[in-house]
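This report refers to the structure that appears directly beneath it.
Fair warning: this is a prediction, and the values are worked out from it, not measured in the lab. Numbers restart at 1 for each chain; the letters A, B, ... are given by sequence-line order, proteins then strands.
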Protein chains: 2
Amino acid sequence: MTTEAAVRATQGERTRAMRLRLMEATVDSLVELGWSGTTTTVVSRRAGVSRGAQLHHFPSKQALVVAAVEHLTDRRRDDMRRHADRLTGDHRIRGVLDILADQFVSPVFFAALELWVAARTDAELRESVAPLERRIGRETHAYALELLGIDETKGDNRQLVQATLDLVRGLGLAASLTDDARRRATVLDSWATVLEHELEMS
Amino acid sequence: MTTEAAVRATQGERTRAMRLRLMEATVDSLVELGWSGTTTTVVSRRAGVSRGAQLHHFPSKQALVVAAVEHLTDRRRDDMRRHADRLTGDHRIRGVLDILADQFVSPVFFAALELWVAARTDAELRESVAPLERRIGRETHAYALELLGIDETKGDNRQLVQATLDLVRGLGLAASLTDDARRRATVLDSWATVLEHELEMS
DNA sequence: ACACAAACAGTCAAGCCTGCTTGTTTGTCT
DNA sequence: AGACAAACAAGCAGGCTTGACTGTTTGTGT
């Protein structure tokens, strides 16, 4: 009641849970069915949410997808943080490359890829996705520097890290059609050697 | 007539011209409107071809798009061949990187990207696109070796070229949303230096 | 010349997607 | 306890896409 402090299913919680279910379903749908396969009807069905409720929380497909993108960034960040512990002292560079590459060969990346490509030809969508993607890029860059434990002002360090991120993005794109883990591993092995030679460690 | 050898508008020529117009319109539409924006109606209108004629030459959207992919590979090959002359003796590696990067920051790549991503979640389409893309990958790899003038059996040369191609793919993907030519140039500059150190020239 | 096939034009039906609208239930504040 | 707002359910209308169908023109072999 009014005086009862421990009321469970408050509206705020219900709202948050409902929005989360819809966003998760959107991400899953993007991964499985792609951008054009991700219709509002499909999402509502997968989330077990009525069309009315869906439209209540997200008045348009645009709103739903943008929210899902934002949600995606959290998942990406969490994923990365979670794997950062695996790093051992030696072969550190190779380990960092694996963490980064895993980020770009994952369902989360594929969902983001769908948005990325769709945003290229959808002005309204791009307006939401582009700045977000830039922010994620910066965050990932900073995180890579931190994991590698290097100073980006030294030598070509900054460019090398940028190149590394572009590389794993390219590897991720390649993996989306045919996932050749062995090829990826050998390329990363070679790249690690290059970085060991070229990076200016502190 | 039957004996007249120099008849102009033969049916074969008309067919070829019509198919070409439809495929070009498809590629253009993919670049401008993306995968889901590329409807058969849009393509026929852009090509100035009636729906009936379109369906006559390409009985389904699938057939149209697959044909357009094949056509795309020719354009990619031609593009690359055409730019190979720009190579000068010194700064050769940097020049090769530019040629490769241009391949992946071009309308042709963007059209291919749309197909690539669409094929990820469309089994039937992937069956056509995946082997084609693998072939193009091999061709590009061989061509890069030729342009660089190196022996891929030496040292890590093979992996380094692979990494280079994955890198430019990643750069191309990044350019699809926001084309930051300056950033790309500095990354390529840096990478050229790396390759000069790491490649085993013959 | 004639017959047949290919090329082409235009229209149609079925299905789907999006967003809106109406009505009901549940939560919260006074 | 009552009033009000948010949460939710379900169905509907308009627009679009795809592939098919019917009819006409153009090319080709005999």
**Request:** Take the protein atom CZ of B/R19 and the nucleotide atom C1' of C/dA6, then report the distance between them rounded to whole Å.
**Result:** 14 Å
**Message:** What is the separation between atom CZ on A/F58 and atom P on D/dC8, rounded to the nearest whole Å?
**Reply:** 11 Å
**Message:** Regarding A/T153 and A/D151, do their side chains bring together a donor and an acceptor under 3.5 Å, going by distance alone?
**Reply:** yes
**Message:** Between A/S36 and B/S36, is there a side-chain donor-acceptor contact under 3.5 Å, judged purely by atom types and distance?
**Reply:** no
**Check: B/Q103/B/H83 side-chain N/O donor and acceptor closer than 3.5 Å** = no
**Request:** In whole angstrom, give the distance that lies between atom CD of B/Q54 and atom P of C/dG10.
**Result:** 14 Å
**Prompt:** Can A/R184 be said to sit on top of A/F104's aromatic six-ring, NZ or CZ under 6.0 Å from centre and within 45° of the ring axis?
**Reply:** no
**Asked** Looking at the side chain of B/H56, which of C/dG19, D/dC8, C/dC8 is the nearest nucleotide?
**Response** C/dC8
**Item:** Side chain of A/K61 - closest among C/dC8, C/dG19, C/dG10
**Value:** C/dG19
**Side chain of B/L55 (C-beta onward), nearest among C/dG19, C/dC8, D/dG19** = D/dG19
**Prompt:** Under 3.5 Å, is there an N or O donor on one side and an acceptor on the other linking the side chain of A/R51 and the base of C/dG19?
**Reply:** yes
**Asked** Picking from C/dG19, D/dT18, C/dA7, which would you name as closest to the side chain of A/S60?
**Response** C/dG19
**Prompt:** Could you state the CD-P distance from B/Q62 to D/dG19, rounded to the nearest angstrom?
**Reply:** 9 Å
**Prompt:** Of the candidate nucleotides C/dT18, C/dC8, D/dT17, which contains the atom at the shortest distance from the side chain of B/T39?
**Reply:** D/dT17
**Request:** May I ask you to evaluate whether A/H57 reaches the phosphate of D/dC8, defined as a side-chain N or O under 4.0 Å from OP1 or OP2?
**Result:** yes
**Message:** With a 4.0 Å cutoff (strictly under), does any side-chain N or O of A/T40 reach OP1 or OP2 of C/dT18?
**Reply:** yes
**Request:** Measure from CZ on B/R45 to C1' on D/dC16 and round the result to the nearest Å.
**Result:** 11 Å
